[in-house]
Number of protein chains: 2
Amino acid sequence: MNAKQPEEGKRAQTRRRRIEELKEAGLVLFLEKGIESVTIDEIVQRASVAKGSFYRYFRDKAELVQSLFEELVSSMEVIFDRCETRLEEASSSEALQEAYVALAAELAPLLLERASRVLLYLQENRAPAVGARESIHQLTTLLNQRALRLTRAAHTHGLLRPYPHKLSAYVVLGATERLLFALLSGDDLGDLLSLPDQLTSLILNGLHTEEIASDETIEKSEG
Amino acid sequence: MNAKQPEEGKRAQTRRRRIEELKEAGLVLFLEKGIESVTIDEIVQRASVAKGSFYRYFRDKAELVQSLFEELVSSMEVIFDRCETRLEEASSSEALQEAYVALAAELAPLLLERASRVLLYLQENRAPAVGARESIHQLTTLLNQRALRLTRAAHTHGLLRPYPHKLSAYVVLGATERLLFALLSGDDLGDLLSLPDQLTSLILNGLHTEEIASDETIEKSEG
DNA sequence: GAGGAATGTGACTGTTTAGTCATCTTTTAA
DNA sequence: TTAAAAGATGACTAAACAGTCACATTCCTC
């Protein structure tokens with residue numbers, strides 16, 4: 001149970017390494033072929049491990065996938081919790097904004113450090129939550145709920161235009177995830193450093209050069 | 001080959017019906033379990049057809065999936081082509097806007113009419129383009145290219161703020177697809193009729209109540 | 001209405017797969 | 001040092017699967 005003790009026996013050490021090897025092999029294959037198409041045989045072959053050994057460490061493929069996302073999920077929960085605490089304690093509009101900026105600043109390095117897992121999440125995200133994809137759906141639910149709560153908080157404090165909360169939350173989440181997917185897939189998105197700022201600005205201020213009342217748009221489509 | 005002639009023989013008629021039954025059965029199962037997890041046996045059982053019959057109509061599962069998207073792809077190509085023609089011919093800023101509004105007006109009923117296929121597309125969209133998912137990836141490429149071209153046109157005419165084209169295109173696409181996914185998954189998004197207008201307004205004018213210079217945001221995160 | 005072509009069928013084949021297990025090796029702890 | 005526990009291994013089993021095929025049935029054409 002003690003993780004980093006030098007007193008860790010050879011047993012525990014190999015155990016940890018084997019598990020890491022199996023997870024890494026699975027991750028690579030999942031990204032290459034999609035979770036459902038990857039077999040245990042492929043995983044153990046790639047990890048250079050006997051088939052029986054796989055079952056010593058994981059009950060099945062679903063448990064391997066779950067173990068891939070455990071850290072990520074709990075890390076994100078901590079970060080979101082922290083942000084929500086900040087939001088509750090904030091009194092000024094500036095403090096609120098700072099909380100959101102801090103959220104992005106904490107989330108970004110985590111997502112980049114765990115790029116492969118994030119890509120796997122984005123890739124399997126919307127598929128039916130059956131079998132090995134159940135744990136991925138868990139992360140989806142987490143993100144949706146948190147995005148919704150954060151949006152609600154922003155709305156409550158009059159920071160945002162009065163769109164329905166779900167609409168705002170899904171638009172932000174959808175745009176962000178789409179960009180993240182492109183980025184992690186190797187798509188060239190220009191200067192990476194300015195990307196978060198560009199996204200924020202685009203979402204907050206809009207694409208348009210001049211403000212357009214929604215009524216105008218309606219009348220255009222009907223007249 | 002002649003589709004709607006009353007002169008169509010019993011053969012051709014049953015053939016068409018069988019194909020439709022197999023496609024429908026496949027579609028339902030794909031949505032339920034994900035494309036890769038569905039077997040030919042399940043499909044023929046659901047369609048109440050012998051296994052051998054399946055192979056009389058489709059070479060394999062990939063061809064069934066492809067046939068599911070053929071109409072949708074060509075319809076969308078026509079609509080996008082028409083929009084691009086309008087954009088080229090447009091001289092005024094109003095004509096440009098009209099072209100975009102018309103695009104939305106043509107796309108919306110198609111997407112709603114083919115809801116199941118669209119949902120399947122959204123669901124399998126980002127998964128690796130191997131095997132049966134190749135034809136889905138084809139639609140993804142189509143949409144990305146067209147979105148990019150439309151964005152470029154809008155930028156060229158000074159309609160949008162000067163973000164990188166890819167950024168604008170992906171943000172719009174990502175947000176739209178996320179909302180569409182929620183909608184088609186049965187998520188409650190409020191008044192459906194005002195949804196397109198709300199989305200357009202949100203993306204064009206932004207979420208924020210007051211304009212924010214991007215420099216301010218940067219300094220907040222660093223100071 | 002006859003001959004031929006297309007269609008329907010499900011048993012069958014060969015392959016792939018998940019999961020097990022007997023057996024051997026390594027590590028631990030006393 | 002040694003006994004027991006944990007780990008490693010790959011052959012093995014049973015089930016699932018894609019794709020085929022011989023044969024029966026239906027439809028079309030002349």
Side-chain angles (χ1 to χ4, degrees), chain A residues 1-3 5-26 29-30 32-68 130-135, chain B residues 1-3 5-26 29-30 32-68 130-135:
Chain A
M1 281 296 165
N2 5 16
Q5 303 286 347
E7 304 301 336
E8 183 178 60
K10 201 163 189 173
R11 223 28 148 232
Q13 211 174 330
T14 1
R15 182 176 183 85
R16 188 185 313 280
R17 183 159 33 84
R18 273 268 184 279
I19 289 182
E20 234 26 72
E21 282 164 359
L22 285 168
K23 282 163 77 172
E24 178 61 24
L29 288 167
F30 294 154
E32 219 166 77
K33 310 180 53 182
I35 288 182
E36 287 305 322
S37 315
V38 175
T39 68
I40 307 290
D41 284 290
E42 289 176 294
I43 296 174
V44 297
Q45 195 191 346
R46 173 150 200 131
S48 305
V49 159
K51 192 170 190 178
S53 298
F54 177 90
Y55 289 97
R56 208 166 275 289
Y57 295 113
F58 301 101
R59 190 156 36 80
D60 51 21
K61 196 166 64 173
E63 197 174 289
L64 174 63
V65 174
Q66 185 177 26
S67 87
L68 274 173
V130 290
R133 273 183 305 233
E134 262 168 30
S135 49
Chain B
M1 282 296 166
N2 6 17
Q5 304 287 348
E7 304 301 337
E8 183 177 60
K10 200 163 191 175
R11 238 346 174 245
Q13 213 173 330
T14 353
R15 182 175 183 84
R16 191 184 312 281
R17 182 158 34 84
R18 273 267 183 279
I19 289 181
E20 235 26 73
E21 284 165 358
L22 285 169
K23 281 163 76 172
E24 179 61 25
L29 288 167
F30 294 154
E32 219 165 77
K33 309 180 52 180
I35 289 184
E36 288 303 323
S37 316
V38 175
T39 68
I40 307 292
D41 284 290
E42 287 175 296
I43 296 173
V44 297
Q45 195 191 347
R46 172 148 202 135
S48 306
V49 159
K51 192 169 189 177
S53 299
F54 177 91
Y55 289 96
R56 256 188 221 291
Y57 295 112
F58 301 100
R59 191 155 37 80
D60 52 20
K61 196 168 64 173
E63 197 174 289
L64 174 64
V65 173
Q66 184 176 28
S67 86
L68 275 173
V130 290
R133 273 183 304 232
E134 263 169 29
S135 49

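Per chain, numbering begins at 1; letters A, B, ... match sequence-line order. Fair warning: this is a prediction, and the values are worked out from it, not measured in the lab.
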- Send over the distance from B:Arg17 CZ to C:dT7 P, rounded to a whole Å. 13 Å
- Query: Among D:dT9, C:dG10, C:dT27, which nucleotide sits nearest the side chain of A:Arg11?
  - Reply: C:dT27
- Task: Grab the CG-P distance between A:Leu22 and C:dA18 for me, whole Å please.
- Result: 14 Å
- Item | Separation of atom CD in B:Gln45 from atom P in C:dG10, rounded to whole Å | 12 Å
- Could you check B:Thr14 against B:Ile40 and say which one's nearest nucleotide on DNA chain D is further toward the 5' end? B:Ile40
- Task: Just compare D:dC17, C:dA18, C:dT28 and give me whichever is closest to any side-chain atom of B:Asp41.
- Result: D:dC17
- Query: Between B:Glu21 and B:Arg18, is there a side-chain N and carboxylate O pair less than 4.0 Å apart?
  - Reply: yes
- Counting only N and O atoms by type, is there a donor-acceptor contact under 3.5 Å from the side chain of A:Lys61 to the main-chain atoms of A:Gly26? no
- Item | Side chain proximity check, A:Tyr57 to A:Leu64, heavy atoms < 4.5 angstrom | no
- Message: Other residues, nucleotides and ligands only: do more than 12 of their heavy atoms fall within 6.0 Å of CD on B:Glu63?
- Response: yes
- Rounded interatomic separation in angstrom, taking CG from A:Leu29 and P from C:dT17: 12 Å
- Message: Measure NZ/B:Lys33 against P/D:dA16 and give the value in whole Å, please.
- Response: 12 Å
- Nearest-Å distance, CD (A:Glu36) to P (C:dT17)? 13 Å
- Message: With a sphere of 6.0 Å drawn around CD of A:Gln45, does it hold more than 12 non-hydrogen atoms of other residues, nucleotides or ligands?
- Response: no
- Please check the phosphate of D:dG7 (OP1 and OP2 only) for any side-chain N or O of A:Ser53 closer than 4.0 Å. no
- Heavy-atom check, side chain of A:Tyr55 versus side chain of A:Val44, under 4.5 Å: no
- Whole-Å gap separating P (C:dT7) and CZ (B:Arg16): 13 Å
- Could you identify which residues of residues 54-67 of chain B place a heavy atom less than 4.0 Å from some atom of DNA chain D, listed by residue number, or say none? B:Tyr55, B:Asp60
- Task: Check whether any side-chain nitrogen or oxygen of B:Lys51 sits under 4.0 Å from OP1 or OP2 of C:dG10, and answer yes or no.
- Result: no
- Query: Rounded to the Å, how far apart are A:Gln13 CD and D:dA6 P?
  - Reply: 19 Å
- With DNA chain C as reference, determine whether B:Ala50 or A:Gly52 sits nearer its 5' end, using the nearest nucleotide of each. B:Ala50
- Message: At less than 3.5 Å, do the side-chain atoms of B:Arg15 and the base atoms of C:dA6 form a donor-acceptor pair?
- Response: no
- Would you call B:Phe54 and B:Asp41 a side-chain contact if the rule is heavy atoms closer than 4.5 Å? no
